[in-house]
Amino acid sequence: MSNPQVETVTSGADKAKLAGAVVLLVAALVAFYALGKQGPWVQWGALIVLLAAAGGAFLTSESGRSLIAYGQDSVKEVRKVVWPTGKEARQMTLYVFAFVVVMALFLWLTDKTLEWVLYDLILGWKR
């Protein structure tokens, strides 16, 4: 069985895009707090614009393109899923609730039986 090694090749421009995205993200946070006295419109506007620029810088990098491809593949896979009908979903929900009730009763009975055996029969502690 072969063990293929995955090599990630990143260029200097790609690293610069990622660094720029991080710088823009930090700048967005700094601008949000630094512009607090300018009013909420300026404060939130600067935050949104700088976050959008950081997102754009990230999405143009190789990591961003990989994330977009992953999202597109995920959407394709979700479209392949055969979803249950409403009736099937209700039936399975009732089965789960019934199982939970049965298990709760079983565990309660087991707990009370062990309590009776240990405390009343073995140790003799009557309440």
Side-chain angles (χ1 to χ4, degrees):
M1 191 151 61
S2 67
N3 187 4
Q5 293 181 351
V6 177
E7 293 183 24
T8 304
V9 178
T10 56
S11 65
D14 193 47
K15 290 179 183 178
K17 288 177 187 178
L18 291 174
V22 170
V23 168
L24 286 169
L25 179 65
V26 171
L29 294 173
V30 169
F32 179 77
Y33 289 109
L35 297 175
K37 294 181 181 179
Q38 301 295 324
W41 289 104
V42 173
Q43 189 179 20
W44 284 98
L47 179 72
I48 291 171
V49 166
L50 288 171
L51 284 178
F58 172 73
L59 291 176
T60 59
S61 71
E62 183 60 36
S63 299
R65 287 191 293 273
S66 296
L67 180 67
I68 290 171
Y70 176 77
Q72 290 170 341
D73 290 342
S74 298
V75 169
K76 288 178 189 175
E77 290 299 320
V78 168
R79 288 187 181 143
K80 293 178 185 178
V81 173
V82 178
W83 297 100
T85 64
K87 181 181 177 184
E88 291 171 337
R90 282 189 296 277
Q91 282 180 334
M92 290 307 297
T93 302
L94 288 174
Y95 292 156
V96 169
F97 280 135
F99 180 75
V100 167
V101 168
V102 168
M103 283 304 297
L105 287 172
F106 171 74
L107 291 173
W108 179 77
L109 283 171
T110 304
D111 180 53
K112 290 301 173 185
T113 303
L114 288 173
E115 179 184 347
W116 173 71
V117 167
L118 288 175
Y119 291 124
D120 292 344
L121 295 180
I122 295 175
L123 295 176
W125 295 352
K126 304 286 184 191
R127 280 180 245 155

List for me each residue that meets side-chain contact (heavy atoms from CB on, under 4.5 Å) alongside T85, sequence neighbours excluded, and say none if there are none.
K87, E88
Got a sec, which residues hit side-chain contact (heavy atoms from CB on, under 4.5 Å) with L114, two or more places apart in sequence or on another chain?
T110
The criterion is salt bridge (Lys or Arg N to Asp or Glu O under 4.0 Å); which residues satisfy it with K76, sequence neighbours excluded?
none
Check salt bridge (Lys or Arg N to Asp or Glu O under 4.0 Å) between R90 and all other residues, then give those that pass, not counting sequence neighbours.
none
So, using side-chain contact (heavy atoms from CB on, under 4.5 Å) as the criterion, who are the partners of V23 when residues are at least two apart?
none
Can you name the salt bridge (Lys or Arg N to Asp or Glu O under 4.0 Å) partners of E77, sequence neighbours left out?
K80
Can you name the nearest heavy-atom pair linking P84 to A89, along with the distance?
CB-N, 4.4 Å
M92: which other cluster members, linking ILVMFWY side chains closer than 4.5 Å, directly or transitively?
Y95
Starting from L50, walk the hydrophobic network (Ile, Leu, Val, Met, Phe, Trp, Tyr; side-chain heavy atoms closer than 4.5 Å) and list everyone else you reach, by chain and number.
L24
Excluding F99, membership of its hydrophobic cluster (Ile, Leu, Val, Met, Phe, Trp, Tyr; side-chain heavy atoms within less than 4.5 Å) reads M103, F106, L107
Hydrophobic cluster identity match, W116 and L118, side-chain contacts under 4.5 Å
yes
Can you list the other members of the hydrophobic cluster that holds W108, where links are side-chain heavy atoms under 4.5 angstrom apart?
L109
Scan residues 36-84 for pairs that pass ring pair (Phe, Tyr, Trp, His ring centres under 6.0 Å), counting only residues two or more places apart or in two chains.
F32-W44
Could you pull out all residues at least two apart from I68 that satisfy side-chain contact (heavy atoms from CB on, under 4.5 Å)?
L59, Q72
